[in-house]
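This report concerns only the one structure given below.
First listed ligand is number 1; within each ligand, the first listed atom is number 1.
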Amino acid sequence: MSTPSYEEIYTTLKQQNQLHLLKYYDQLTPDRQAALLEQIHSIDWELIGLTKKAPSADEDAPKDIEPLGAMELSEIERRREEFTSIGLDALRARKTGAVLLAGGQGTRLGFDKPKGMFNIGVSKTLYIFQCLINNLMDVVKQAGAWVPLYIMTSQKNHEDTTAFFREHDYFGYNPDEVHFFRQDMAPSVGYDGKVLMEARDRISLSPNGNGGWFSSLCRAGYLKEMQEQGIEWLTVFSVDNVLQRINDPAYVGAVIASGCDCGGKVVRKASPDERVGVLCKESGKPAIVEYYEMTDDMRSLRDENGALLYNFGVTLNYMFRLERLVDILNRKMPVHIVEKKIPFIDENGTEVKPDAPNGYKFEELVLDMIHMMDSCLPYEVVRENEFAPVKNKEGVDSVDTARALLVKNGVEI
Ligand code: UTP
């Protein structure tokens, strides 16, 4: 692609009413000028236009929702041996890979490094990345086989993340089994629809959500490698749940035995109106319905035994059949417009770090992939054993709640 000329860019920006992006152009060195033009050239204006209907597009509200029964703990216990054996066979044949989603910015935690570098330890050092690797190592030891691990980073945190793993000898994982890849970025806009600038020579770009993980993985060239190695399943999990079991044999085995296209670890909701997404059926297909998309009546709906029908929240730990991911590779995913705190330079060129949301980011979400599958197994896990997300600085799902749960589960911190 040839570098666009200043005139071409000027004309586009004028049409889009975004000429402010060239405000400092004349003050830049020729290479910074070229880089800025290149960045502006890559903006997807259709995406920016979506903010006109922000903050929420009612037409996207889910329709025709029904409950989707989970495989509950009692059944898992009863069939544990069968599932474990199927799972161990798959692990030993290296049919499963794992994908760690670590491209997010963790703005709620307010830690200025990648979230996985956060030390969750108290009297010893225990980084979040280390916790996750320890959890995966349990499976590696049990199966006697490495699980290929793919780690998604973003342009913002790639160097820090890869250097951190190197400095810590991959926390005991086999470096040959760890593969990093970068996700795509998307521009951020202010509430007025104007693209924000991060510096005089740069527009504000942020990671485009966790939904692009598979296309980014393929773009990095890993699809062929995975297919050649015989990988048939990929689990995908978040960086922040320090207690999650990753590719544990019973889970892997249960999803394979179910014959479904995918599975997802779910936990019993703490209360009917807990703010979590619920695995349901929408128009006959599996779907994750957000708590705010449900009516009060739905949230408190019970079966004849008195159990809540929409009772299982997702934990961002899914397992997908690789060939089904390939089927949907070129399908367009919905774009979510999310309000965030976005650092920017103001009209005087001064850097501002807002402490309240000041604009929108555009994100694709992994949960939308579930709806592109024909079938899904919601697999129940014990909440206090497997769900300790580190989202916030304090309060719910915070460093303190995660630490308490780690201790409860016998992890030395
Ligand atoms: P969250 O939705 O919690 O987003 O990500 P976040 O960016 O980490 O945190 P906040 O909202 O700014 O506080 C859930 C998972 O998806 C990953 C995160 O790293 C986390 O594992 N993620 C999120 C990505 O990999 N890329 C993204 O663009 C966004």
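- In this pair, Y251 and Y379 present their aromatic rings tilted. The plane angle is within the 30 to 60° band.
- Counting the atoms of ligand 1 from 1 in the order shown, those under 4.0 Å from a heavy atom of S238 are 15 (C), 21 (O).
- Within ligand 1, the atoms closer than 4.0 Å to a non-hydrogen atom of T107 are 9 (O), 10 (P), 12 (O), 13 (O), numbered from 1 in the order shown.
- At the top of the distance list for atom 20 (C) of ligand 1, counting protein heavy atoms only, stands L101 O, 3.7 Å.
- Side-chain N/O atoms of S398 and D400 include no donor and acceptor closer than 3.5 Å.
- At a threshold of 4.0 Å, the pair E46-K332 does not count as salt-bridged, since none of the basic side-chain nitrogens sits closer than that to a carboxylate oxygen.
- In this structure, H179 and Y222 have tilted ring planes: the angle between them lies in the 30° to 60° band.
- Nearest to atom 22 (N) of ligand 1 by heavy atom, out of G104, S216, A186, is G104.
- Residue K23 places its NZ atom among more than 12 non-hydrogen atoms of other residues, nucleotides or ligands, all under 6.0 Å distant.
- We find that R219 and D184 are joined by a salt bridge, their nearest charged nitrogen and carboxylate oxygen being less than 4.0 Å apart.
- Ranking the protein heavy atoms by distance from atom 2 (O) of ligand 1 puts R108 NH2, 4.0 Å first.
- No N or O atom of F237 sits closer than 3.5 Å to an N or O atom of ligand 1.
- No side-chain donor-acceptor contact under 3.5 Å links T350 and N348.
- When Q105, K391, K340, Q183 are ranked by how near their heavy atoms come to atom 11 (O) of ligand 1, first place goes to K340.
- Residue contact check: G209 has heavy atoms under 4.0 Å from atoms 26 (N), 27 (C), 28 (O), 29 (C) of ligand 1.
- With D184, V366, L316 as candidates, the residue nearest to atom 15 (C) of ligand 1 on a non-hydrogen basis is L316.
- Atoms of ligand 1 found under 4.0 Å from any heavy atom of M152 (numbered from 1 in listed order, with element): 25 (O).
- The single protein non-hydrogen atom nearest to atom 16 (O) of ligand 1 is N210 ND2, 3.1 Å, given as residue, atom name and distance.
- N208 and E364 share no donor-acceptor pair across their side chains, judged by distance under 3.5 Å alone.
- With respect to K265 and D248, a salt bridge is recorded, a charged nitrogen being found less than 4.0 Å from a carboxylate O.
- With hydrogens left out, the protein atom closest to atom 8 (O) of ligand 1 is G106 N, 3.6 Å, a heavy atom.
- Scanning all protein heavy atoms for the shortest distance to atom 25 (O) of ligand 1 gives G103 N, 2.9 Å.
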